[in-house]
Amino acid sequence: MKNHDVAGRMADSPSREGLREAVRRQILSYTGSDPDRAGVRDVYRGLAFALREYLAEKWIETQRAYYESGAKRIYYLSLEFLVGRSLMSNILSLGLEDDARAVVESYGHSLDDIEEMEWDAGLGNGGLGRLASCFMDSLATQGFAAYGYGIRYDFGIFWQVIENGAQTERPDNWMRFGCPWQFERQGHLYPVQFGGSVRILHDEQGNERRIWVGSEHVLAVACDMLVPGYRNGKVINMRLWNAKASREFALDYFQRGDYVGAVEEKAKSENISKVLYPDDSRVQGQELRLKQQYFFVAATIQDIVRRSRKQSGGLAGMPDRVAVQLNDTHPAIAIPELMRVLVDEEELNWDDAWSICVRTFAYTNHTILPEALEHWPVETMQRVLPRHMEIIYEINARFLQLVRRLHPGDDALAARLSIIDEDHGRRVRMAHLALVGSHMVNGVSALHTDLLRSSVFQDFHDMYPRRFVNMTNGVTPRRWMLQANPLLSDLITEAIGPGWETDLARLRDLRPLAEDAQFRQRWREVKFENKKRLSAYMLPRARVLAPPEFMFDVHVKRIHEYKRQLLNVLHVVTLYNRLRGAPPGECPLPCVPRVAIFGGKAAPAYAMAKLTIRLIHAVASVVNGDPHVSNYLRVAFVPNYCVSNAEKIIPGTDLSEQISTAGTEASGTGNMKFAMNGALTIGTMDGATVEMAKEIGDEHFFIFGLHTPEVAALKARGYDPRRIYDADRELRLAVDMIANGHFSPREPGLFEPIRQSWLDDGDKYMVMADYRSYVEAQERAAHLYQDREEWTRVSILNTAGMGYFSSDRTIAQYAREIWGAEPVTGSGARKK
Ligand SMILES: *Cc1c(COP(=O)(O)O)cnc(C)c1O
């Protein structure tokens with residue numbers, strides 16, 4: 001039984017013959033040549049365009065239904081959408097798997113080969129961008145009148161290539177062969193301006209009006225990517241803006257006879273949507289980044305205001321008709337922008353405009369790492385957005401007035417709460433702007449939200465306790481189970497019946513099956529197949545042979561010190577030393593052959609992250625090259641970790657590494673994808689992993705390390721990493737080998753900065769402190785892995801406990817507690 005066709009094709013999906021005809025037509029009109037001789041790329045494009053046409057029809061119907069229902073509109077503003085590929089996900093949502101397969105096979109290609117033709121849409125860095133894409137899927141699937149807004153970067157997240165064991169970055173020219181899923185809406189253009197100055201005018205009544213006259217102009221062109229709901233006939237869109245030079249502006253130059261200057265200026269303004277900034281959890285603070293933020297916000301607010309005007313209640317009724325969710329502070333400039341539109345252009349009074357703003361916006365915080373909190377120098381803001389700087393000052397003045405009224409004389413409190421940081425060269429604290437200008441702020445896991453309340457934003461919490469809510473992240477089971485792991489999905493459907501894909505809590509029905517030896521056998525076979533597939537995928541890429549009988553111990557995510565890939569490397573070196581210390585051919589207990597699999601991109605300017613990639617390769621080369629050791633231990637680095645290779649890696653994982661320093665990972669979503677696919681987790685009590693352990697049961701988890709309060713207490717008490725190093729022989733040996741060039745004989749000092757960060761610079765992420773506890777947790781994991789039946793039982797219980805972590809649950813919670821929105825019922829299909 002094929003899981004994907006349990007629900008069958010939807011009533012009005014194209015028939016197989018209809019699809020066949022549409023694909024043929026599209027190939028003909030695209031290639032202009034004989035469809036019977038179409039190559040694999042032509043068939044991919046033909047199929048994609050055929051599906052796009054169908055999605056467009058459904059999109060029109062959906063939009064009509066939303067319009068007629070008067071439902072509250074949800075706008076999800078995000079500078080990142082990590083979409084990945086769309087072909088398979090669209091096919092599954094439309095229920096067309098068997099038909100698509102039959103059609104492409106009639107051209108002599110397999111659907112798998114066709115799938116590989118698609119380039120990932122990597123318009124995001126990592127978790128934050130991928131969350132936005134999971135949310136789009138859940139919003140569509142639950143039938144919310146929702147829109148994603150972002151930027152259509154010409155270049156997404158860089159393509160990572162490994163050369164001589166180090167990362168190099170290649171531009172991600174993802175639209176080289178076009179992107180068949182987009183519609184450019186040439187008619188949907190909005191002007192956006194920058195720079196210039198603020199003019200003060202007086203109207204007939206003598207009221208002052210402030211009008212911003214920019215010195216730089218650019219047009220935002222809408223480009224829509226359609227997102228179908230899962231088998232519900234609904235299609236929503238992400239509207240991604242592209243910067244185009246403004247025609248009038250160029251004309252002005254041309255009239256002055258400066259032809260070359262005009263062309264240069266045109267190229268410069270189009271740079272705004274050129275490239276995604278490749279920094280995850282670190283801000284760089286370039287002016288172009290601020291321009292990107294404003295560019296996308298200004299176009300989006302114009303689109304929202306245009307649509308809101310048509311809704312009942314007009315702009316005053318906006319908060320009842322519209323909810324705007326800010327994905328991190330990246331779009332927070334939307335708050336002063338909406339104020340500017342309402343006050344300067346619509347001529348509302350300040351208080352009415354402010355009330356509309358606060359009730360419309362809500363803000364999601366994604367991190368408490370200080371290096372990730374955005375703050376723009378006042379001087380930059382003034383230069384790029386002079387009117388917004390005035391508005392921010394006004395917002396702040398009124399806010400601080402309130403603070404002083406509530407806490408007279410407490411200047412320190414006012415300084416801490418102020419939107420302007422006066423201590424670091426006058427900066428706008430974007431998180432404070434977002435907190436003041438929103439009616440709700442949410443963290444992304446229970447632990448993270450508690451930390452927002454009790455530490456970073458404690459003063460705000462004291463002032464607005466009801467503003468803080470938790471929305472634990474989730475991921476979409478359509479992509480991360482159905483699509484990525486068809487074998488497991490089919491087995492689950494066979495066991496508990498269909499419907500769990502949209503009601504993930506039903507996975508709990510798997511629990512009793514964990515006791516069924518026959519079911520365990522089948523579960524194990526599925527994992528083994530997925531490991532074989534992963535092994536074949538890795539061989540040419542990581543150039544390591546990973547036998548599927550080995551334990552696959554996987555650590556894939558952005559490379560960052562707080563995520564502690566280095567702790568994992570210390571464990572690998574420890575295993576290596578134990579193997580070397582054992583008599584030849586013997587394996588120290590508990591003897592479990594394993595492949596340590598790594599993957600992840602380092603921000604190009606992040607030296608320690610790049611050095612970590614070099615260390616992993618250096619260790620891999622020594623470990624894999626020692627025949628004595630490599631019978632039991634291998635190390636592999638899968639280059640260019642991205643959504644499409646995550647879909648291959650995750651289903652083949654036995655052990656999932658989620659080992660960030662407690663209190664640093666806001667939620668994590670990789671952790672969820674692994675556990676849904678039957679991996680066991682070795683992890684710290686951090687982010688949403690805490691909640692996963694609670695849902696699944698601590699006893700089915702390998703938890704280790706300091707907890708958040710212990711990290712804080714140890715730091716307060718005076719943490720001495722050197723003492724731990726001195727006292728632990730195995731740790732000392734591993735650290736010394738890394739520092740002394742055992743893994744880099746030709747460059748012995750290469751990894752010295754790593755030793756230094758641990759022993760001389762305070763070991764900010766407590767690697768020394770958690771080492772021993774981590775090694776012991778790894779021993780527990782190895783021990784359990786030797787008991788195949790027990791491991792499989794726990795694997796089943798992991799999947800069974802993951803129902804809570806569907807993004808459907810998260811979205812339903814946002815809708816209820818933040819947006820006050822309900823799904824739209826009714827189809828919008830034209831009555832015949
Ligand atoms: C899910 C995902 C992430 C986030 O992973 P974390 O382990 O939560 O950091 C990053 N990149 C890709 C490609 C993903 O699919």
Side-chain angles (χ1 to χ4, degrees), residues 78 80-85 89 119-137 156-160 172 174 276 278-282 327-328 366-367 369 372 444-445 447-448 472-481 483-485 554-565 567-568 597-603 609 612 638-653 655-661 664-677 679 681-684 686-692 802 805-807 810:
S78 180
E80 303 190 8
F81 288 91
L82 195 50
V83 181
R85 290 174 174 162
S89 127
W119 198 269
D120 278 43
L123 308 182
N125 274 286
L128 175 151
R130 185 53 232 173
L131 183 75
S133 283
C134 283
F135 280 2
M136 291 305 296
D137 182 88
I157 186 65
F158 63 86
W159 182 267
Q160 179 191 55
D172 166 51
W174 67 290
L276 167 77
D279 300 277
D280 189 72
S281 302
R282 278 157 52 96
N327 195 23
D328 211 309
H366 280 274
T367 176
L369 296 180
V444 289
S445 71
L447 172 64
H448 169 60
T472 297
N473 282 167
V475 300
T476 172
R478 269 78 63 186
R479 179 175 296 263
W480 297 109
M481 298 185 74
Q483 184 186 328
N485 201 343
V554 178
H555 202 170
V556 290
K557 50 183 74 236
R558 285 299 289 253
I559 310 286
H560 206 298
E561 285 162 285
Y562 86 81
K563 292 177 182 278
R564 298 202 295 192
Q565 281 88 3
L567 178 58
N568 190 339
I597 298 168
F598 293 86
K601 293 174 184 175
T612 300
V638 184
N640 199 48
Y641 182 56
C642 61
V643 173
S644 60
N645 70 27
E647 289 166 15
K648 300 189 170 77
I649 294 168
I650 291 167
T653 296
L655 186 64
S656 156
E657 299 272 350
Q658 307 299 333
I659 62 175
S660 51
T661 315
T664 61
E665 186 77 270
S667 161
T669 49
N671 48 1
M672 301 170 188
K673 300 166 196 167
F674 283 102
M676 279 180 187
N677 284 286
T681 301
I682 181 164
T684 46
D686 201 17
T689 305
V690 176
E691 289 157 81
M692 285 168 50
M802 285 302 289
F805 301 95
S806 167
S807 46
T810 314

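We number each residue from 1, following the sequence as shown. Note that ligands are numbered from 1 as they come in the structure, with each ligand's atoms numbered from 1 the same way.
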> One residue to check: Ser667. Relative to ligand 1, which of side chain, backbone, both or neither has a non-hydrogen atom less than 4.0 Å away?
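No part of Ser667 is near ligand 1 at this cut-off.
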> Using atom types as modelled and distance alone, determine if a side-chain donor or acceptor of Asp120 lies under 3.5 Å from a backbone N or O of Ser644.
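Yes, Asp120 side chain to Ser644 backbone: donor-acceptor pair under 3.5 Å.
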> Within this structure, what is the CG-CZ distance for the pair Leu128 and Arg558, rounded to the nearest 0.5 Å?
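Reported value, rounded in 0.5 Å steps: 11.5 Å.
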> Could you tell me which atoms of ligand 1, counted from 1 in the order shown, lie closer than 4.0 angstrom to a heavy atom of Thr669?
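By the 4.0 Å cutoff, the relevant atoms are 1 (C), 4 (C), 8 (O).
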> Under a 4.0 Å N-O cut-off, is there an ion pair linking Arg479 with Asp137?
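No, Arg479 and Asp137 are not salt-bridged.
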> Between Gln565 and Thr612, do the side chains contain an N or O donor and an N or O acceptor separated by less than 3.5 Å?
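Absent: no donor and acceptor within the cut-off.
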> Out of Gly127, Gly599, Ser133, who gets a non-hydrogen atom closest to atom 4 (C) of ligand 1?
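Nearest option to atom 4 (C) of ligand 1, by heavy atoms: Gly127.
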> Determine yes or no for a side-chain-to-main-chain donor-acceptor pair under 3.5 angstrom, with Asn640 supplying the side chain and Gln160 the backbone.
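Side chain of Asn640 to backbone of Gln160, a donor-acceptor pair under 3.5 Å: yes, one is there.
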> Hey, which atoms in ligand 1 end up nearer than 4.0 Å to a heavy atom of Gly670?
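So the answer, numbered in order with elements, is 5 (O), 6 (P), 7 (O), 8 (O).
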> Tell me whether Phe674 reaches ligand 1 (any heavy atom closer than 4.0 angstrom to a ligand atom).
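Phe674: no contact with ligand 1 (<4.0 Å).
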> Check Arg558 against ligand 1 and report side chain, backbone, both or neither, counting heavy atoms closer than 4.0 Å.
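Within the 4.0 Å criterion, Arg558 makes no contact with ligand 1.
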> Under 4.0 Å from any heavy atom of Gly668, which atoms of ligand 1 are there?
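Answer for ligand 1: 8 (O).
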> If I apply the N/O under 3.5 Å rule, does Glu665 come out as touching ligand 1?
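No: no nitrogen or oxygen of Glu665 is under 3.5 Å from one in ligand 1.
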> Under 4.0 Å from any heavy atom of Lys557, which atoms of ligand 1 are there?
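Here the atoms of ligand 1 in question are 6 (P), 7 (O), 9 (O).
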> When rounded to the nearest 0.5 angstrom, what is the spacing between CG in Leu131 and CD in Glu80?
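Answer for the CG-CD pair, Leu131 versus Glu80, is 11.0 Å.
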> Can you sort out which atoms of ligand 1 are near Trp480, meaning under 4.0 Å from one of its heavy atoms?
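Once the distances to Trp480 are compared, the set is 15 (O).
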> Which atoms of ligand 1 have any heavy atom of Lys673 under 4.0 Å away?
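Listed by number with element: 1 (C), 2 (C), 3 (C), 14 (C), 15 (O).
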> Just by distance, do the side chain of Ser807 and the backbone of Thr476 share a donor-acceptor pair under 3.5 Å?
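Confirmed, Ser807 side chain pairs with Thr476 backbone.
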> Run the contact test for Met672 against ligand 1 with a 4.0 Å cut-off on heavy atoms, strictly below, and give the result.
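Met672: no contact with ligand 1 (<4.0 Å).
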